[in-house]
Participant: 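Below is one structure. I have some questions about it.
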Amino acid sequence: MSRDISADEFRAAAHHLVDWMADYLGGGVEKYPVLSQVEPGALRAALPSAPPVEGEPLQRLLDDAEQLVMPGVTHWNHPGFMAYFGVTGSAPGILGEMLATTLNVNGMLWRTSPAATELEEHALDWLRQLIGLGDGWFGIINDTASISSLLAIAAAREARPELQVRERGLAGRADMPVMRVYTSVQSHSSIDKAAITLGLGHENVVHVPVDDAFRMRTDALESLIAEDRARGYLPLAAVATVGTTSTTSVDPVPEILRICRVNDLWLHVDGAYGGVAGLVPELRHLMDGVDGADSLVVNPHKWLFTPVDCSAFYTRRPEVLKRAFSLVPEYLVTTASDSVTNFMDYGVQLGRRFRALKLWFVIRAFGSDGLAERIRYHCEMAKEFAGWVEAAPDWELMAPTPLSVICFRYAPEGTSEDERDALNAAILERVNASGRVYLSHTKLGGAYTLRVAIGNLRTERRHVAEAWELLRESARSTT
Ligand code: PLP
């Protein structure tokens, strides 16, 4: 007899939960405020301070999740969620996640679940084709883009075997050059964190200035590399971004690639958000040059409707990645290791969840046309919103809108920059307190900037129109 909860009790609770899930996803989510309105500590105060001694029925757990947990949830699956980057736990992705957790396999080696490894290879090969990359890419799923970019920079360092970092480390070595990584001032902080984690030093991340459209300036990149060489530093890698976090600007990858090749730098492309634009024929040009890079990250858990976590990391040089990370103790030796992929060899983690299932389900359930159509719809709504801002007196766009994020602010005539900053911060507070939409902000050229980020499958034109209405109302009552 199983010592788990009985199959009957599980079945009843699971049916109840699935009904709740279908209602929630089918519109029930809109009953909740998108941004949780609780005060810090509210959930902890509502929970018993010690764990239960006697087990509790599953149904009571579910009831408490609804009563106690739900008020503290910010609803990323709400159509009014337009902060940061919108994400979606879509129906097929959720089914894939349910199956993965039921099977609960650990795909560290091919042998520990052949299907987990092979489906990961296959789903990533499909995604590669979908975003318009050629053959010759090796893919692996990580939890986040932060980890994918960390692996990329570790591989860039391993691509210099003469440094012997793997064997000898960095500390106490007079022969170790200063290694430099180049990325734009608009790139994501995960690149800085990767350099910090790898012991390169934060000050060795060189933040290249950008042009008026927030794209890396390649003339500056070239001269910064030359200056570093003249100082005796070792230019190691460049990170270009397709879809930067603040404005979704796209760096000029073809030119960055050329500079990397001339200077012998590893080129990593951060397409965590924007990489999926390659799925849409009229946006595919945003991926120009990416096929020639050494590595790339694209997050299906951002704009490809796959529940968190699912970050696709690709490299053209898997042998270098493997050299950086493979370490096989006796208890993990398997006979088939020459003819199969053991994903533990390509990163830090040993154990790995069966994440490929949800990505495979998402790609199959929507198909390439369906995915492209959904991404296109988000971009169309963003263009329309940008048009409303442009046409409205006292509002201004702060950046171009190449994808599905609009950067803008309220800038009434006669107000100073400081007043505008304060005004826009107050507008944001008010709009978010409404519970109808959730927006976030950034700073561009030092100015407080509002962002509307459209990326959830449930977001329709009426939600975007409501966001605009709330913003204008809030501006009227704030001034
Ligand atoms: N790169 C870019 C361009 C991002 O916008 C983000 C997050 O928004 C990341 C990387 C980090 O993503 P993750 O949370 O998967 O580490």
Side-chain angles (χ1 to χ4, degrees), residues 74 76 81-89 93 124 127 131 139-154 181-198 205 207-208 210 214-216 237-251 253 256 267-278 286-287 290 293 295-314 347-349 352-353 355 358-359 378 382 399 402-407 438-444 449 451-456:
T74 288
W76 287 67
F81 188 103
M82 301 174 203
Y84 311 105
F85 281 127
V87 300
T88 312
L124 289 187
L127 179 61
I131 60 176
I140 178 170
I141 299 179
N142 292 310
D143 55 356
T144 57
S146 302
I147 296 301
S148 295
S149 292
L150 175 84
L151 300 187
I153 297 174
V181 174
Y182 306 84
T183 193
S184 97
V185 289
Q186 289 291 322
S187 73
H188 190 261
S189 54
S190 54
I191 309 307
D192 301 68
K193 277 201 183 182
I196 294 167
T197 308
L198 291 166
V205 179
H207 291 103
V208 182
V210 290
F214 304 98
R215 299 170 299 207
M216 188 193 286
V239 181
T241 312
V242 173
T244 57
T245 312
S246 283
T247 73
T248 76
S249 59
V250 176
D251 286 334
V253 180
I256 297 171
L267 174 59
H268 175 58
V269 177
D270 180 354
Y273 158 75
V276 300
L286 299 177
M287 293 286 279
V290 174
S295 57
L296 162 72
V297 59
V298 179
N299 275 5
H301 77 216
K302 277 194 166 49
W303 202 14
L304 203 65
F305 321 127
T306 308
V308 273
D309 50 357
C310 186
S311 173
F313 177 56
Y314 290 97
V348 181
Q349 68 183 82
R352 64 183 26 250
R353 305 176 55 231
R355 297 188 188 98
K358 56 185 171 183
L359 178 59
H378 289 163
L403 294 165
S404 67
V405 173
I406 314 99
C407 292
Y438 177 28
L439 314 181
S440 59
H441 81 283
T442 188
K443 279 204 164 171
L444 294 175
T449 300
R451 276 171 92 261
V452 163
I454 303 169
N456 188 283

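Note that the numbering runs from 1 along the sequence shown for the chain. Each ligand, and each atom within it, is numbered from 1 in the order the structure gives.
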Participant: Please confirm whether the backbone N or O of I454 pairs with a side-chain atom of S404, one donor and one acceptor, at under 3.5 Å?
Facilitator: yes
Participant: Could I get the full list of ring pair (Phe, Tyr, Trp, His ring centres under 6.0 Å) partners for Y314, not counting sequence neighbours?
Facilitator: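 Testing Y314 for ring pair (Phe, Tyr, Trp, His ring centres under 6.0 Å), a comparison that skips the adjacent residues, returns none.
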Participant: Tell me, please, which residues at least two apart from S246 pass side chain to side chain donor-acceptor pair (under 3.5 Å).
Facilitator: T442
Participant: I'd like to know if the side chain of T183 reaches the main chain of V239, judged simply by a donor and an acceptor atom lying under 3.5 Å from each other, with no hydrogens or angles considered.
Facilitator: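 Yes; judged by distance alone, with no hydrogens or angles, the pair exists.
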Participant: Looking at R353 and D143, does any basic side-chain N land under 4.0 Å from a carboxylate oxygen?
Facilitator: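 D143 and R353: not salt-bridged.
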Participant: Apply side chain to side chain donor-acceptor pair (under 3.5 Å) to S149 and list each qualifying residue two or more places apart in sequence or on a separate chain.
Facilitator: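 Once residues adjacent in sequence are excluded, the partners of S149 under the side chain to side chain donor-acceptor pair (under 3.5 Å) criterion are H268.
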Participant: Please tabulate, one line per pair, the protein N or O atoms found under 3.5 Å from any N or O atom of ligand 1, giving the distance to one decimal.
Facilitator:
residue  : atom   : partner : partner atom : Å
ligand 1 : 1 (N)  : D270    : OD1          : 3.2
ligand 1 : 1 (N)  : D270    : OD2          : 2.6
ligand 1 : 5 (O)  : T245    : OG1          : 2.9
ligand 1 : 8 (O)  : K302    : NZ           : 3.4
ligand 1 : 12 (O) : K302    : NZ           : 3.1
ligand 1 : 15 (O) : A145    : N            : 2.8
ligand 1 : 15 (O) : N299    : ND2          : 2.9
ligand 1 : 15 (O) : H301    : NE2          : 3.4
ligand 1 : 16 (O) : A145    : N            : 3.3
ligand 1 : 16 (O) : S146    : N            : 2.9
ligand 1 : 16 (O) : S146    : OG           : 2.5

